[in-house]
Structure formats: C-alpha cells, structure tokens
Amino acid sequence: MENMYQNMYQNRGALVREEIRRTRHRSELLLYAVCILAGLIAACFVVFFLSDDLDVIAELKNLLGFFGLEEGGADYTGGLVVLLILAGVIGGVASIIFMLVAYIASVYAMYAQQLSYSIRVSEKNFPEIYWKVREFSELMDLPVVPEVYVQQMNGELNAFTCWVPGRIFIQLNAEIVDLAYMENKDFDTVFFILAHEMGHAYLHHVQLQYTLWCMPVNFIPVLGTYILYPLLSRSREYSADRVAQALTGGTGELSAMMMLSAGRHAYKYVSPEDYLREITRKRKPLERFAVWVVNLLASHPIMPYRTRAILDPGKRSGKLL
Ligand SMILES: [Zn+2]
C-alpha cells in the first residue's frame, strides 16, 4: 500500500515537473531581452549625448600622444574633454556598483522587516503551510526551500517573494493566511497564492542575476517606467500563475481571483458563474479602451484578463495588451 502511494506521488512529481517547464508566458523572455536592450541603448545614448559629436578615437590617440604613448600627439588639445569622458566611464561603473549596493541594501531592509515583525512559518506555526512549501519545493527541485513569513498588513491582501544573498523568502500577509484559519478554512486558495509566489522564485524573477539586468529600463522616462517594465511584469505574473496551476492542480485558482477582488470574507458569497459572465461580457469601444489603458499601466494583468488566462482550457499565454 505504501509503495502504491509512493509511486503515485512520484508519478505526480514527474507530471508536474514536465508541466512546469512549459509555464513561462510566451512573450516573457522576449520582453526581458527588450528591456535589457532598451536599458543598454539608453545608457549608450546618454554617453553619446554627453560626448556630443566628439571624435572619441582621435581624442584618445591624442591623449596617448600627449603622454608619449602614441606618435603625433604633440599638438594635443582635447585632453580635458577626453578626461571628462573617462570620468564619465568611471562614473558609469561607480553608478552600477552603487545600484548593486543599493539593491542589496533594499532587499536586506525587507528581510529585516520579516525578522522584526513577522511570524516565521514552521512545523509548529501554520504547519499546513510549512509542509506545503516543502512539497512544492521538492516538486520544483528548488535548491533552497524558501522561508515563509506571516505579517499582518492592516487589511492589505498581498504576498510577495524576495531574494537576499543565500536565501529566498516569501511574505504572506496575515490577511491571506486568514482564509485558511478563520471562518472559511480555505487552504486551497492560500496554497494557490503560495504556489504563485514560489513560481516567481522557480522562474528566477526575484534573483539578483535576473533583476539586475532589467533594472536600468526603469530609468527610461515613460517608455521604460510605464510601458516596457509593466509589460514584462504582467508577463511574469501570468507565468507564475501557470506554475501555481501546475503545482496545485488548479484548485483554488478561481477563488483566488475572486478573493483578490471581493476580499477575504465576502469572496465566498460571489457567484462564480455571474463573475465569469461579467468579465467576458462584450463592452462598448470606449469602455474597452478605458479598460485597456488600466491594464497598460498595471504591474499585474487586470483581473478579467488574469482569470480568463487561468481558465483557458488551451492554457495559452495570457493577454498582455
Ligand atoms: Zn506575482
């Protein structure tokens, strides 16, 4: 009997691992590359803008000649400008180091918040969640089991995943954990949200090597901050939802969507049929446009798009625009 359950578990593990490999939104990697490229182009543009129409190579030759390292540099005149460019390059490297240090400081600040104000999920505290984290980690072959913390956030329904050197941690707002331990006893929805967060870790969305490369795009006004980065962010949310579906087998997915809109008590009184009818209703062109703009500027896909993606029997990638 024990062998039978062991085999069932191993088979499920193999199926989940197979499904999980295909969970990334089809545009995510392309958008990631576009964000990196846009950041690099913006950086080059700044350098060229600062150097105006200067012949950098000729100026460098002149400078080398000035120091006796290259012939023909005796009439050197542009040293100050080249030195300014060199100062710019050094400044650029210093800014990257500063960005790195600032990023690591910010993630440690978030981790310190957990150590200061949260309850760590353990075998004794919220054991159901603790064992689920271990199960999901095993299914995903995560090299490190994430630490999970519960913190009350004055009614805010949210959860997030973050990286600090050597570990991944997840904050589940207590308002989410309440779903499982208060009147609704709804573990499925909590596990779906947990699986979504672990999906971000599995797809490396929070690890330094991923975030650092696409960070500069945020410094491009309007195009970077309001268009490209939110687009990438929305594709990542769809990817993490797909991981959650694979891990949980789809239980809790629709209730998670309804809970995010109706709140942690009232969502149990929402009619799924009516909710689905409303989000798939045909809208007038102006209404459609207004909704399109809301989605365009959002870091997460709007709920109708996200719900439709989750319930899509073909499991196609969700709508980004
Ligand atoms: Zn997410």
Side-chain angles (χ1 to χ4, degrees), residues 19-20 22-29 31-32 35 106-107 110-111 113-114 121 129 132-133 136-137 139-140 142 146-151 153 156-164 168-177 179 188-208 210-211 214-215 218 228-248 250-261 264 267 294-312 315 317-320:
E19 195 180 340
I20 252 174
R22 291 175 277 115
T23 48
R24 217 182 269 275
H25 189 283
R26 69 187 146 95
S27 302
E28 186 193 322
L29 291 180
L31 285 167
Y32 182 58
C35 283
S106 73
V107 292
M110 281 200 269
Y111 189 52
Q113 288 288 319
Q114 306 307 321
V121 169
I129 297 177
K132 200 46 93 173
V133 173
F136 288 163
S137 300
L139 284 170
M140 291 190 285
L142 286 187
E147 296 172 10
V148 179
Y149 293 89
V150 176
Q151 189 177 146
M153 296 301 284
E156 193 188 326
L157 291 168
N158 202 5
F160 68 84
T161 313
C162 193
W163 165 94
V164 271
I168 300 277
F169 68 90
I170 294 171
Q171 178 181 310
L172 287 180
N173 289 9
E175 290 75 2
I176 299 274
V177 176
L179 307 178
D188 285 346
T189 304
V190 176
F191 291 158
F192 183 82
I193 290 163
L194 175 70
H196 171 99
E197 294 307 323
M198 292 184 74
H200 282 306
Y202 172 75
L203 297 166
H204 299 280
H205 293 160
V206 293
Q207 282 84 333
L208 181 70
Y210 182 106
T211 44
C214 59
M215 218 187 282
N218 279 306
L228 290 178
Y229 195 77
L231 258 173
L232 173 65
S233 173
R234 291 196 293 276
S235 70
R236 291 195 303 214
E237 294 307 319
Y238 283 125
S239 304
D241 275 346
R242 282 276 180 255
V243 175
Q245 286 187 289
L247 287 175
T248 59
T251 51
E253 53 189 22
L254 182 59
S255 53
M257 298 300 113
M258 295 191 302
M259 183 276 296
L260 290 171
S261 292
R264 68 190 194 277
Y267 79 103
V294 171
N295 183 64
L296 178 74
L297 303 174
S299 63
H300 289 54
I302 56 170
M303 298 315 291
Y305 290 3
R306 207 171 157 187
T307 308
R308 274 187 256 166
I310 275 176
L311 297 179
D312 179 3
K315 299 208 166 174
S317 294
K319 198 169 151 115
L320 290 172

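All ligand and atom numbering here is 1-based and tracks the order in the structure.
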#### Entry: Steps toward side chain to side chain donor-acceptor pair (under 3.5 Å) verdict (S255, T189)
CA-CA 6 Å; S255 53; T189 304; 2.7 Å; yes

### Message
Any side-chain to backbone donor/acceptor pair from E175 onto R264? Under 3.5 Å, distance only.
### Response
no

### Task
Report yes or no: does R234 contribute a side-chain atom to a donor-acceptor pair with the main-chain N or O of A298 at less than 3.5 Å?
yes

### Query
Where do Y238 and R306 come nearest, in terms of heavy atoms and distance?
CE2-CA, 4.0 Å

### Query
Is it true that the side chains of Y149 and Q151 contain a donor and an acceptor less than 3.5 Å apart?
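No, Q151 and Y149 have no side-chain donor paired with an acceptor closer than 3.5 Å.
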
### Query
the Zn ion (ligand 1): which protein N, O or S atoms are under 2.8 Å away?
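Those protein N, O or S atoms (cut-off: under 2.8 Å from the Zn ion (ligand 1)) are H196 NE2, H200 NE2, E237 OE1.
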
Less than 3.5 Å apart, which donor and acceptor atoms pair up between the side chains of residues 192-200 and the rest of the protein, not counting sequence neighbours?
from	atom 1	to	atom 2	distance (Å)
H196	ND1	D241	OD1	2.7
H196	NE2	H200	NE2	3.1
H196	NE2	E237	OE1	2.8
E197	OE1	T161	N	3.2
E197	OE1	T161	OG1	2.6
H200	ND1	H205	ND1	2.9
H200	NE2	E237	OE1	3.3
H200	NE2	E237	OE2	3.4

